[in-house]
Amino acid sequence: MTDARARQIVLAARPQGKPQPTDFRLEETAVPTPRAGQVLLRVRYLSLDPYMRGRMDDRKSYAKPLALGDVMAGESVATVIASHHPGYSEGDIVLAQTGWRTHALSDRADLRKLDPAMAPVTTGLGVLGMPGFTAYAGLRLIGKPAPGETVVVAAASGPAGSLVGQLAKLAGARAVGIAGGPEKCAYVEDELRFDAAIDHRDPDFAAKLTAACPDGIDVYFENVGGAIWQAVLPLLNKFARVPVSGLVAQYNGVGKGDGTDRLPATMREILSKSLTVRGFINNEFAAQHYPAFLREVGAGIADGRIRYREDIVDGLERAPEAFIGMLEGRNFGKLIVRVDA
Ligand SMILES: NC(=O)c1ccc[n+]([C@@H]2O[C@H](COP(=O)([O-])OP(=O)(O)OC[C@H]3O[C@@H](n4cnc5c(N)ncnc54)[C@H](OP(=O)(O)O)[C@@H]3O)[C@@H](O)[C@H]2O)c1
């Protein structure tokens, strides 16, 4: 083993609203030594995901919050650099829950081995990993688009949203994406081949969304919440389905909201249109549906029916700045940190 020191980024302070660089601290530690049954991993690519913002708050959720001083949680593509585990050899490339650091120990039998000959290994963090599976499971199992129906999704250039629209098209539905800025909208229409893309920063956003959905909305895949949900709500058709996957517009909220309480109107629409609104965390479907997801989406990437985009930032020390930017929409595609390629 040649590495002298390891680096890691810990939660230094709980953010008040938008995270600041001072909420993170870069530390140097010794490279850990694997015991019997363990492997030592060197992180190559670290995934940055919106859910990480929730872990920084001391608030009850589906996952335990981080304590101050804990290494930031996260999934990585890593190389096995020493193995005392019978199932792994030096040089294996795996997906692992390492957190934001350069080196980690693992004794988990459920590391997922990646085959670089099948697809670029970074896809395991995006289109062929957790965000991609979220799109697949939420759309197929909850949204259930039928041919000719209209499917709307926001954060449409990101790893979850981009696959939602492409799978909707493959199911014969119309796909309308919502994204921040003209460049992302052009990508969603031209590269991802959605039927329309609307910029949520446009002052006429609500009117343009209405025009792009002349037959209303049958499936709204909720990634964002806030002002976008308010524009979508009156366009939902009777019996529309709303897989509620994420609410990124409110992750930096400090409890005051945006001054407009839409809950009464939301409940009225749910009742009067017999809407199905279903929240979900992707892993509730994983045991039964992950193999079909990898097979179908993997084949779609291989033959060009499914496209994806990655936004790769160099250096672990740039992870906090990149993460803060993602919560403002500065990433364009699946956000990944190249720690040591
Ligand atoms: N339920 C689950 O199991 C699960 C799993 C994975 C992800 N998710 C959720 O899926 C959503 C998308 O995540 P992702 O992994 O695919 O990453 P992502 O699309 O890269 O998420 C970041 C994007 O969200 C958009 N955004 C951020 N703040 C916004 C705001 N105030 N208003 C509108 N858009 C905003 C920005 O895109 P624009 O610039 O285009 O607005 C930004 O680039 C998130 O809500 C995430 O929490 C849920």
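Excluded from the calculations below are hydrogen atoms, water molecules and symmetry mates; all remaining heavy atoms, backbone and side chain alike, are included. Start at 1 and go down the list; that is how both ligands and their atoms are numbered.
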request  = Heavy-atom distances under 4.0 Å are what count here, so tell me which part of M326 touches ligand 1: side chain, backbone, both or neither.
outcome  = both

inquiry  = Tell me whether ligand 1 is touched by L247 - counting only heavy atoms on the residue side and a distance under 4.0 Å.
reply    = yes

remark   = Here the atoms of ligand 1 under 4.0 Å from any heavy atom belonging to M130 are 5 (C), 6 (C)

query = Is it the side chain (CB and beyond), the backbone, both or neither of R330 that lies under 4.0 Å from ligand 1, heavy atoms counted?
reply = neither

query = Any N or O of K184 that comes nearer than 3.5 Å to an N or O of ligand 1?
reply = yes

note = Counting from 1 in the order shown, the ligand 1 atoms closer than 4.0 Å to a non-hydrogen atom of G246 are 9 (C), 45 (O)

request  = Answer yes if the ring centres of Y251 and Y51 are under 6.0 angstrom apart, and no otherwise.
outcome  = no

query = Among protein heavy atoms, which sits nearest to atom 16 (O) of ligand 1, and what does the distance come to when rounded to 0.1 Å?
reply = A160 N, 2.9 Å

N331 and ligand 1 - part of the residue with a heavy-atom distance under 4.0 Å = both

Aromatic ring pairing F221/F280, orientation class (parallel under 30°, perpendicular over 60°, tilted between) = perpendicular

ask   = Are R101 and E317 within salt-bridge range, i.e. N to O under 4.0 Å?
value = no

inquiry  = For R338, is there an ion pair with E310 - N to carboxylate O distance below 4.0 angstrom?
reply    = no

ask   = Would you say atom 44 (C) of ligand 1 touches the protein, meaning some protein heavy atom is under 4.0 Å from it?
value = yes

query = With a 4.0 Å cut-off, would you call D195 and K169 a salt bridge?
reply = yes

key: R25/E27 ion pair, N-O < 4.0 Å   = yes

ask   = Does Y251 come within less than 4.0 angstrom of ligand 1, counting non-hydrogen atoms of the residue?
value = yes

Carboxylate-amine/guanidinium contact E28 R5, below 4.0 Å = yes

inquiry  = For ligand 1 and V224, I'd like to know whether there is a polar contact (N/O to N/O, distance under 3.5 Å).
reply    = no

remark   = Ranked by distance from atom 2 (C) of ligand 1, the top protein heavy atom is T134 CG2, 3.6 Å

message = So that I can tick it off, tell me whether R112 and E75 are bridged by a salt bridge, with the cut-off set at under 4.0 angstrom between side-chain N and carboxylate O.
response = no

D303/R305 salt bridge by N-O under 4.0 Å criterion = yes

query = What is the nearest protein non-hydrogen atom to atom 11 (C) of ligand 1, stated with its residue, atom name and distance?
reply = N223 OD1, 3.4 Å

query = Should you measure from each heavy atom of L327, which atoms of ligand 1 turn up under 4.0 Å away?
reply = 27 (C), 28 (N)

message = Can you classify the ring geometry of F293 versus Y290 as parallel (below 30°), tilted (30 to 60°) or perpendicular (above 60°)?
response = perpendicular

request  = Using a 4.5 Å cut-off on heavy atoms from C-beta on, say whether the side chain of P34 contacts that of V39.
outcome  = no

key: Check ion pair R14-D23 (N to O, under 4.0 angstrom)   = no

ask   = Hey, which atoms in ligand 1 end up nearer than 4.0 Å to a heavy atom of A179?
value = 40 (O)

ask   = Of the choices G329, S245, A155, P243, which has the non-hydrogen atom that lies closest to atom 8 (N) of ligand 1?
value = S245

ask   = Does a side-chain N-to-carboxylate-O contact under 4.0 Å join D49 and K334?
value = yes

Charged N-O contact under 4.0 Å between R44 and D340 = no

message = Could you identify the single nearest non-hydrogen protein atom to atom 40 (O) of ligand 1 and state the distance to 0.1 Å?
response = G180 N, 2.8 Å

Shortest reach to atom 15 (O) of ligand 1 by a heavy atom, considering only G325, G158, P50 = P50

query = Mind checking whether F280 has an N or O less than 3.5 Å away from an N or O of ligand 1?
reply = yes

note = Counting heavy atoms under 4.0 Å, the part of N283 that contacts ligand 1 is neither

task = Could you list the atoms of ligand 1 found under 4.0 angstrom from a heavy atom of I281?
result = 1 (N), 3 (O)

key: The one among V248, L335, I228 that brings a heavy atom closest to atom 26 (N) of ligand 1   = V248

request  = Output yes when the distance from some N or O of ligand 1 to some N or O of H200 is under 3.5 Å, and no in every other case.
outcome  = yes

inquiry  = Below a 4.0 angstrom heavy-atom separation, can you tell me which part of N282, side chain or backbone, both or neither, approaches ligand 1?
reply    = both

query = When you look for heavy atoms under 4.0 Å from ligand 1, do you find them on the side chain of P159, its backbone, both, or neither?
reply = both

ask   = Salt bridge or not for R309 and E191, using N-O below 4.0 Å?
value = no

